[in-house]
4 protein chains.
Amino acid sequence: MGEDTKKFRRRAEARPDEVLDAALAVFVEKGFAAAKVDEVARAAGVSKGLVYLYFPSKEALLEGIVKRALAPVADHAVEGLAHFDGDPREAITMLLTILCRQLSDPAKLAVPKLVLSEVVRFPELAAMYRREVLDKVRPALEGMVARGVANGQLRPIDPEMAVRSIIGPLMAHIAMSELFDIRPDDGLAMERLLKSHLDILFYGMSEARP
Amino acid sequence: MGEDTKKFRRRAEARPDEVLDAALAVFVEKGFAAAKVDEVARAAGVSKGLVYLYFPSKEALLEGIVKRALAPVADHAVEGLAHFDGDPREAITMLLTILCRQLSDPAKLAVPKLVLSEVVRFPELAAMYRREVLDKVRPALEGMVARGVANGQLRPIDPEMAVRSIIGPLMAHIAMSELFDIRPDDGLAMERLLKSHLDILFYGMSEARP
Amino acid sequence: MGEDTKKFRRRAEARPDEVLDAALAVFVEKGFAAAKVDEVARAAGVSKGLVYLYFPSKEALLEGIVKRALAPVADHAVEGLAHFDGDPREAITMLLTILCRQLSDPAKLAVPKLVLSEVVRFPELAAMYRREVLDKVRPALEGMVARGVANGQLRPIDPEMAVRSIIGPLMAHIAMSELFDIRPDDGLAMERLLKSHLDILFYGMSEARP
Amino acid sequence: MGEDTKKFRRRAEARPDEVLDAALAVFVEKGFAAAKVDEVARAAGVSKGLVYLYFPSKEALLEGIVKRALAPVADHAVEGLAHFDGDPREAITMLLTILCRQLSDPAKLAVPKLVLSEVVRFPELAAMYRREVLDKVRPALEGMVARGVANGQLRPIDPEMAVRSIIGPLMAHIAMSELFDIRPDDGLAMERLLKSHLDILFYGMSEARP
DNA sequence: CATGAATGAGATTTCATTCAT
DNA sequence: GATGAATGAAATCTCATTCAT
């Protein structure tokens, strides 16, 4: 006598999440400014008024979306990196593999996309994202690269800049696909990108060392 | 050559351009949706009515900005690439060097930034950008990589994916700096990025080939 | 006589009254239009739904407040006046003394205050007030003054206008204190006002008759 | 060549005043909260948007009304009182005569009426009114009464309380007429009120001194 | 009786666009 | 050409009222 009655009970607890789901979908499709609260409500299957019952403003929806998405991300993924002391190449391979898998899921991709396009109007979003995600992942990566260089496992490269080389190709792939609709013939091709990226990242494009 | 006449002449002719400059500045600062035509007019030092004399709508300003910026870009840069048959590494070095220099200029960076954040609301912008820039540069790059592989100058890599590795780290660098305010201690550090990027791109991070 | 039962009993019976008390407090503090039914409910310690169980609408609360306050007022006070045939000055003194004592109690003052500020939006309130209070007190007072003039106890004054002189200074005192926060140094100073008012009302400000 | 062209010229300068006139009329009729900005605009013969061109919010209209009304009032009327050193009875007679004349004009009466009914929601209005009008008039009156008492022209009365006796009957008359629709048979009867009030104020209601 | 989640009509406010001058 | 007063459609947000539980 729990599951059954739930159907009849008001779904008060689930509602804010449902509204955020709907808002995310609508915001990503139309952009925050062009999205109407009415549309969000309709997409969530509720009335406009209900949206305002849980969120004090349209902006609060945006904030809510990002906060909710950020909560679990950060520590979870970083734990591994920070205390990893094996071959950095393995760690990077694993990190990028996980990242690729995550970003293949449109639902997971939606939040970063939204942050990207609203960053100009709402710099706090960027700050939040930076604080919760980037400022944790980036130093961990840099440290790992630095250790690899010290170990002699990696060539003497600039750890701070190397992070751009690790993450950039993935970004470019996503951007080309999602923003400019430039996709390989075989679809999203995440595995192909990953294989090529890791190959070039570790061993370079050149046939011979200079 | 009286200053007066020159000013007057140039003004009359250059007005639409000045309006576009103002619009670009305002749009980049506040985002297209949040920018008011009034602000654009004020920034251009003209009246609101005059803006509508030159451009039929607010959207037309956005279009105008992108069109104007795109016109010279494409062919200019690509000419070299398409018919280049020397060492692809030299070509890539040159391309990225030019690109870095361009993007160090905030004025030049503004348009891609604007396109990026308005792409969701105005897919035509993305299409234009793709048609005029990406669809010209990308195949040229791919072809060059393919030739390098065929030549034996490059390792047997996937040309289509390699493009992501060439362009991605630069994108990541710009994104971190411009969107998330993550900058190396020594400022924009474009040269440092370029040096690191080319080094890793060509020779990889690994100490030893597998 | 257990406290518990008493409480429960009284509660069930007294609920509408408690709601009206809460409504009065909230309406006086924020004004009828700005007051939210939710606040009234919270102030009464009940749910919003319950308020609507007792009163069909927000307006009905206002009406209820005024009706409840008016019921006992009128006849009670007037009885004496109408059939009084002693010195009118004594009657006026007594009336004003009682009135002053009543209006010193913020709870008693609340209703007239509310009526006063909502009279524009709800002329029926004014009509009710007039019917139940003013139209009973005023003629009684006028009659008494007329009798006093006829008796020779009062100078030949205009009874209809004299009513304004009797009641006005009290109104002015309340208005200055409650609306404009203009208070003598010694607080509400009702006794001082009453003393001064009666002195001037009966004997005038002038040293000598003309 | 001034008056003629004015018709065709936009009435930009007169507009804010016209809007305030309309707002005052609508606010007094319906009350601030119940009045819709649309109605104000219609009453002013302009569009809703124009109202917001001159006033940033509905509340600003209210403020604007009171500020405009207050500007000329204060000093104008007080000058006379403060430096008057003749018979205080003459001064009071003059003051009340002027006041009565002013308040007979519905347009002049409108602002105090509005302030009265919105005082609860907007205490700043009361503060403004107090600062600009009451705090100037009241001390002047008190001083004059005190001088009269010192002179022997007035009986030994309490100057602070006497102010209530001077102003109150007028207030009561207006309140009865405007709020409760209680009017003598001969209409507004301002002169009758004034005559009766001054008679009682100076010489009292009593036939004989005690 | 009692609750409070849910609704939706309606209000305020914004701003792209027009057009008389 | 140039202005900026004026418009009104459309968006956000509020809150009295309802009703399933």
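Values in this document were obtained by computation on a predicted structure and should not be read as measured data. Each chain gets a letter, A, B and so on, in the order the sequences are listed, and its residues count up from 1. Just so you know, these numbers use all the heavy atoms, side chains as well, and skip hydrogens, waters and symmetry mates.
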Roughly how many Å is it from [atom1] in [X] to [atom2] in [N], rounded to a whole number?
| X | N | atom1 | atom2 | answer |
| --- | --- | --- | --- | --- |
| A/K30 | F/dA10 | NZ | P | 14 Å |
| D/R15 | F/dG4 | CZ | C1' | 13 Å |
| A/E39 | F/dA11 | CD | C1' | 11 Å |
| B/L53 | E/dC19 | CG | P | 14 Å |
| D/F55 | F/dA6 | CZ | C1' | 15 Å |

Restricting to side-chain contact (heavy atoms from CB on, under 4.5 Å), what partner residues turn up for [X], sequence neighbours left out?
| X | result |
| --- | --- |
| A/L109 | A/L103, A/K113, A/I174, A/E178 |
| B/L116 | A/L116, A/L179 |
| D/A107 | D/D105 |
| D/V120 | C/S117 |

The nucleotide from F/dA6, F/dT7, F/dT3 with an atom nearest the side chain of D/Y54 is F/dA6
One should report the stems of DNA chain E, each a stretch of at least three consecutive Watson-Crick or G-U pairs at distances under 3.5 Å, as E:2-21 with F:2-21
For residues 53-70 of chain B, pull every pair meeting salt bridge (charged side-chain N to carboxylate O under 4.0 Å, His left out), keeping only residues two or more places apart or in separate chains. B/D17-B/R68, B/D21-B/R68, B/E63-B/K67
Please list all pairs passing the salt bridge (charged side-chain N to carboxylate O under 4.0 Å, His left out) test where one or both residues lie in residues 37-50 of chain B, with sequence neighbours left out. B/K30-B/E39, B/D38-B/K48
Using the C1' atom as the reference point in each nucleotide, state the distance between E/dC1 and F/dT21 in Å, no decimals. 13 Å
Shortest non-hydrogen separation from A/L114 to A/L24 and the atoms involved: CD2-CD1, 3.9 Å
Going by the rule ring-ring contact (aromatic ring centres under 6.0 Å, His included), which residues pair with D/F27 if we only count those two or more places apart in sequence or in a different chain? D/F32
Relative to the 5' end of DNA chain E, which residue comes earlier, A/G45 or C/S47, by the nucleotide with the nearest heavy atom? C/S47
Using a 4.0 Å heavy-atom cut-off, write out nucleotides 11-16 of chain E from 5' to 3' as B (base contacted by protein), S (sugar-phosphate only) or - (no contact). SSBBSS
Is the shortest side-chain heavy-atom distance between B/L20 and B/Y54 below 4.5 Å? no
